[in-house]
Amino acid sequence: MDLSEVWAIFGPAVAGAVFGAGWWFWIDAVVCSSVTVSFVHYLPGIFASIAAVMFNCVRKEDIDYSPYDEGEWRLKLWLFFAYVVSFVSLAASVGLLIQDSLVKTGPSSWTGTAGVLQCVFVLISGLIYWTSHSE
């Protein structure tokens, strides 16, 4: 069995475990929080999950990497938009972490840290699945 075949078999399971771990960090932070977590704190993780789905809407085989061919520009634009959504969600989670660290009346720093971990794990899981999924 080739390594790429093994990765194609176990890659989606690894991606699902990483995705679940990311959301587990967030659920733990919300449940253990002593104050009510506002809906704004949920948005980076939701948008990171949407970005992970956007990555996986495009098959690797459909992307043409030729600089002179103008075909499939919609796929490249879609992937660019997915990257923008993912980086904005990650930046928003870091911003909320900084806000949680500075404000004493809001959620604890663990809530902000869990939000950053959630975004990182969710986005990594999307990329793991995208690299392991073929056809």
Side-chain angles (χ1 to χ4, degrees):
M1 208 178 232
D2 189 18
L3 184 61
S4 63
E5 293 173 359
V6 172
W7 183 243
I9 293 170
F10 293 111
V14 171
V18 172
F19 185 87
W23 275 95
W24 185 263
F25 282 124
W26 179 247
I27 291 169
D28 177 63
V30 170
V31 168
C32 295
S33 180
S34 60
V35 297
T36 303
V37 179
S38 66
F39 183 70
V40 174
H41 284 75
Y42 288 86
L43 290 178
I46 292 170
F47 280 109
S49 299
I50 291 171
V53 170
M54 289 172 69
F55 285 132
N56 292 307
C57 287
V58 177
R59 294 186 319 162
K60 292 186 298 187
E61 294 83 18
D62 291 342
I63 300 174
D64 182 26
Y65 293 103
S66 172
Y68 302 109
D69 189 19
E70 291 189 19
E72 308 306 328
W73 61 271
R74 288 182 212 108
L75 292 176
K76 293 176 185 177
L77 183 65
W78 181 261
L79 283 176
F80 175 75
F81 188 63
Y83 278 112
V84 168
V85 170
S86 66
F87 289 133
V88 166
S89 68
L90 187 59
S93 67
V94 169
L96 289 171
L97 168 64
I98 293 170
Q99 176 187 353
D100 291 345
S101 298
L102 296 176
V103 176
K104 299 297 180 200
T105 59
S108 66
S109 295
W110 167 239
T111 306
T113 305
V116 172
L117 288 173
Q118 175 195 22
C119 285
V120 168
F121 278 43
V122 166
L123 295 174
I124 287 173
S125 75
L127 292 176
I128 288 173
Y129 185 78
W130 191 67
T131 58
S132 68
H133 189 67
S134 61
E135 295 200 45

**Ile98 reachable from Val116 in the ILVMFWY side-chain graph, under 4.5 Å edges** = yes
**Asked** Among the clusters formed by ILVMFWY side chains lying less than 4.5 Å apart, do Phe87 and Leu127 turn up in the same one?
**Response** yes
**Message:** If hydrophobic clusters are built from ILVMFWY residues whose side chains come within less than 4.5 Å, do Val30 and Leu96 share one?
**Reply:** no
**Complete:** NE2 of His41 to CD of Gln99, rounded to nearest 0.5 Å, is 5.5 Å
**Fill in**
So CZ of Arg74 and CG of Leu79: to nearest 0.5 Å the spacing works out to 14.0 Å
**Item:** Cluster link Val40 to Val122, ILVMFWY, side chain under 4.5 Å
**Value:** no
**Asked** What pair of heavy atoms forms the shortest contact from Tyr129 to Pro12, and how long is it?
**Response** CE1-CB, 3.5 Å
**Prompt:** Hey, quick one: are Val103 and Val37 part of the same hydrophobic cluster, counting side-chain heavy atoms closer than 4.5 Å, chains of contacts allowed?
**Reply:** no
**Prompt:** Which value, rounded to the nearest 0.5 Å, describes the distance between Leu75 atom CG and Phe80 atom CZ?
**Reply:** 15.0 Å
For residues 43-57, dump all side-chain donor-acceptor pairs below 3.5 Å to protein atoms at least two apart in sequence or in another chain.
residue	atom	partner	partner atom	Å
Ser49	OG	Trp23	NE1	3.2
Ser49	OG	Gly45	O	3.0
Asn56	OD1	Trp130	N	3.3
Asn56	ND2	Ala52	O	2.8

**Prompt:** Which word best sums up how the rings of Trp78 and Phe81 line up, parallel for under 30°, tilted for 30 to 60°, or perpendicular for over 60°?
**Reply:** tilted
**Request:** Walk me through it: do Trp26 and Thr111 pass the test side chain to side chain contact (heavy atoms under 4.5 Å, CB included)?
**Result:** CA-CA 7 Å; Trp26 179 247; Thr111 306; 3.8 Å; yes
**Request:** Identify the heavy atoms of Val120 and Leu90 that sit nearest to each other, and give their distance.
**Result:** CG2-CD1, 3.7 Å
**Prompt:** Of the non-hydrogen atoms in Ser86 and Ser89, which two are nearest, and what is the gap between them?
**Reply:** O-OG, 2.7 Å
**Request:** Find out whether Trp7 and Ile128 are in side-chain contact, i.e. whether some heavy atom of one side chain is under 4.5 Å from a heavy atom of the other.
**Result:** yes
